[in-house]
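A quick note: this is a predicted structure, and the numbers were derived from the prediction, not measured. Remember, it's 1-based here, ligands and their atoms both numbered in the order they're listed. Note that these values count all heavy atoms, side chains included, but never hydrogens, waters or copies made by symmetry.
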Amino acid sequence: MIKGGFDIPAQENERQAEYASLARSIIESRFSAKPKAFVHTYGCQGNVADGERLKGMLERMGYEFTDDVAQADLVLYNTCAVREHAEDRVFGNVGALKTLKTQNRDMRIFLCGCMVQQPHIAEKFYKSYPFVDVIFGTNALHRLPEFLYRSLSSGKRIVEIPSGDGFIAEDIPVRRDSSFKAWLPIMYGCNNFCTYCIVPYVRGRERSRDPERILEEARSLVKDGYKEITLLGQNVNSYGKNPDTGYNFARLLREINDIEGDFIIRFMTSHPKDCTRELLETMAECEKVAKHLHLPFQSGSDRILKLMNRGYTSQQYLDLVETAYSLIPDLSITADVIVGFPGETYEDFEMTERLVEKAGFTSMFTFIYSPREGTKAAAMDDPVSAEEKGRWFRELLDLQEGIAARRTAQCVGKTYRALCEGVAKSGNIEARTSGNFIIEIPADESVRGTFRDVRVTAAKTWMLSGEII
Ligand code: SAH
Ligand code: SF4
Ligand code: F3S
């Protein structure tokens, strides 16, 4: 264990292991067949990775899984707080469980994740949703066995929202959703405190996992046949700083790249203020690292960037983009942007449009600013109406649509090595290129989880069609 690390003490892990076996005995005596759990995760890939750990713990305690909430003995919502819309969906979905619970009084309803890590939200659920049994915050994820045991044995309601900087929970069983794509968290939390963002409040301080643990997990994923490994962190470029692991992100990437096997490495998210030339050079040199950089810029106005506490100017961002394209010519860059930050004017917004025109993103996630209680921005004056922000939002979507269409058109006639993934609505297979383009190909499901050379035959704005060659 790294000195000054954030690992959960061994005793606590043993305590949870005891709870897990106690819960298992109750489950075995109470249910004739395996009980069913419905687990749903909202939010980012980091939360999805947590969801796979929650499922791993439940599986070990004797649950199987269902997609039909009405069939569930246990409902677990792993929530997100990043925007109001995310929270509204959870309130709606939890509210809808009330009737189910009256039909099945033994059903247990558990809520966890970022949204309920906020004390005012936990309190609201506790007071106004009496059919919710257990509410636990992000700092208590590893204590699911304890909560399950206590809830099953006493029937009492539980709220546990430990404050503090957060832990690293190692050795939790993982039940992965895919057999060929894996999430690999390399760090947790965030120290950046962008003024609009709730994440640092609900996820605690930035903490990096031990590189040996990460490499070990990566090796075993490759051995198990995983073809895509996505390294996760809110700001992967500051990997290894807290605590000092002796590795920076570039070195970690290189060592994962050195693992023998046929697989692709992705990562997210890169914060522009910490994105170094060394990282870009590493991306260029490492043949397994996807030629895709997700680099959120949030705004093109220096005044707004400053108010957001982002730590770079629009010119610095564009210089970085230029360096990245020059070092990695076939690079695809995607980004996040916020429209309607408090005090943003149409002139600020136009600077965002100029940046978007210059950067040439392959795709962009556009969000309308959503005030989050407790953040600095939530206390700032926000005079622009929702309608006006909506107009800017659509204007930006239109602009990016034209740029994306040009990017996809450039792909026609070219051949890419792509990982065949899911089945599209059309029935075609979706193959993902290194640059994160999706090509729809007519093929049967047997190709899923394999790399194929795919020639692009046609392009629509966001979508490519092609064929395996
Ligand atoms: N750590 C990542 C982002 C995590 S949140 C980074 O720094 O890039 C994902 C995206 O949600 C952010 O990039 C931002 O564009 C958006 N977002 C976060 N808080 C928001 C808020 N209060 N309102 C609107 N969008 C927000
Ligand atoms: Fe939020 Fe900023 Fe941290 Fe990203 S870097 S999670 S936007 S505070
Ligand atoms: Fe949402 Fe928490 Fe991720 S707030 S975006 S689930 S870190």
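Remark: side-chain polar atoms of Ser128 are not paired, donor with acceptor, to backbone N or O of Phe125 under 3.5 angstrom. Listed for the Asp224 side chain is no donor-acceptor partner under 3.5 Å among the backbone atoms of Tyr226.
Atom 2 (Fe) of ligand 3 has its closest protein heavy atom at Cys114 SG, 2.2 Å. Of all protein heavy atoms, the one closest to atom 3 (Fe) of ligand 3 is Cys44 SG, 2.3 Å. Taking atom 7 (S) of ligand 3 as the reference point, the nearest protein heavy-atom neighbour is Gln234 NE2, 3.4 Å. The closest protein non-hydrogen atom to atom 7 (S) of ligand 2 is Tyr196 OH, 3.4 Å.
At a heavy-atom distance under 4.0 Å, no atom of Gln298 approaches ligand 2.
Around atom 3 (Fe) of ligand 2, the protein N, O or S atoms found under 2.8 Å comprise Cys190 SG.
Distances below 4.0 Å separate heavy atoms of Arg310 from the following atoms of ligand 2: 2 (Fe), 7 (S).
Not counting sequence neighbours, the partners of Glu278 by the side-chain hydrogen bond (donor to acceptor under 3.5 Å, both in side chains) test are Asn248.
The salt bridge (Lys or Arg N to Asp or Glu O under 4.0 Å) test with Glu228 singles out one residue from Lys288, Lys181, Arg176, and that residue is Lys181. Residue His120 is tested with Lys124, Gln118, Glu123 for a side-chain contact (heavy atoms from CB on, under 4.5 Å); the sole match is Gln118.
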Only distances under 3.5 Å count here; give the side-chain donor-acceptor pairs of residues 356-366 to other protein atoms, sequence neighbours excluded, each with its distance to 0.1 Å.
| residue | atom | partner | partner atom | Å |
| --- | --- | --- | --- | --- |
| Glu357 | OE1 | Arg354 | NE | 3.0 |
| Thr362 | OG1 | Ser332 | OG | 2.8 |
| Thr362 | OG1 | Ile333 | O | 3.3 |

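Minimum heavy-atom separation, Tyr77 to Leu97: CE1-CD1, 3.6 Å.
Around the NE2 atom of His40, the shell of radius 6.0 Å holds more than 12 heavy atoms that belong to other residues, nucleotides or ligands.
Side-chain atoms of Glu206 and Ser238, non-hydrogen and from C-beta on, do get closer than 4.5 Å to each other. Between Phe249 and Leu231 the shortest side-chain heavy-atom distance falls below 4.5 Å.
Ring to ring, Phe367 and Phe393 are not that close: their centroids are 6.0 angstrom or more apart.
Between Lys55 and Glu52 there is no salt bridge, since no side-chain N of the basic residue sits under 4.0 Å from a carboxylate O of the acidic one.
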Hey, what polar pairs (N/O, under 3.5 Å) does ligand 1 make with protein?
| residue | atom | partner | partner atom | Å |
| --- | --- | --- | --- | --- |
| ligand 1 | 1 (N) | Gln234 | O | 2.9 |
| ligand 1 | 1 (N) | Gln234 | OE1 | 2.8 |
| ligand 1 | 7 (O) | Arg310 | NH1 | 3.4 |
| ligand 1 | 11 (O) | Arg83 | NH1 | 2.9 |
| ligand 1 | 13 (O) | Gln298 | NE2 | 2.8 |
| ligand 1 | 13 (O) | Asp336 | OD2 | 2.7 |
| ligand 1 | 15 (O) | Gln298 | OE1 | 2.7 |
| ligand 1 | 17 (N) | Arg83 | NH1 | 3.4 |
| ligand 1 | 22 (N) | Tyr196 | O | 3.0 |
| ligand 1 | 22 (N) | Ser370 | O | 2.8 |
| ligand 1 | 23 (N) | Ser370 | N | 2.9 |

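Distances from atom 1 (Fe) of ligand 3 to the heavy atoms of Ala81, Ala86, Cys80, Gly189 put Cys80 nearest.
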* Asked: How far apart are the C-alpha atoms of Glu387 and Arg391, what are their side-chain angles, what is the distance that settles it, and do they pass the salt bridge (charged side-chain N to carboxylate O under 4.0 Å, His left out) test?
  -> CA-CA 6 Å; Glu387 293 71 38; Arg391 273 193 291 277; over 6 Å; no
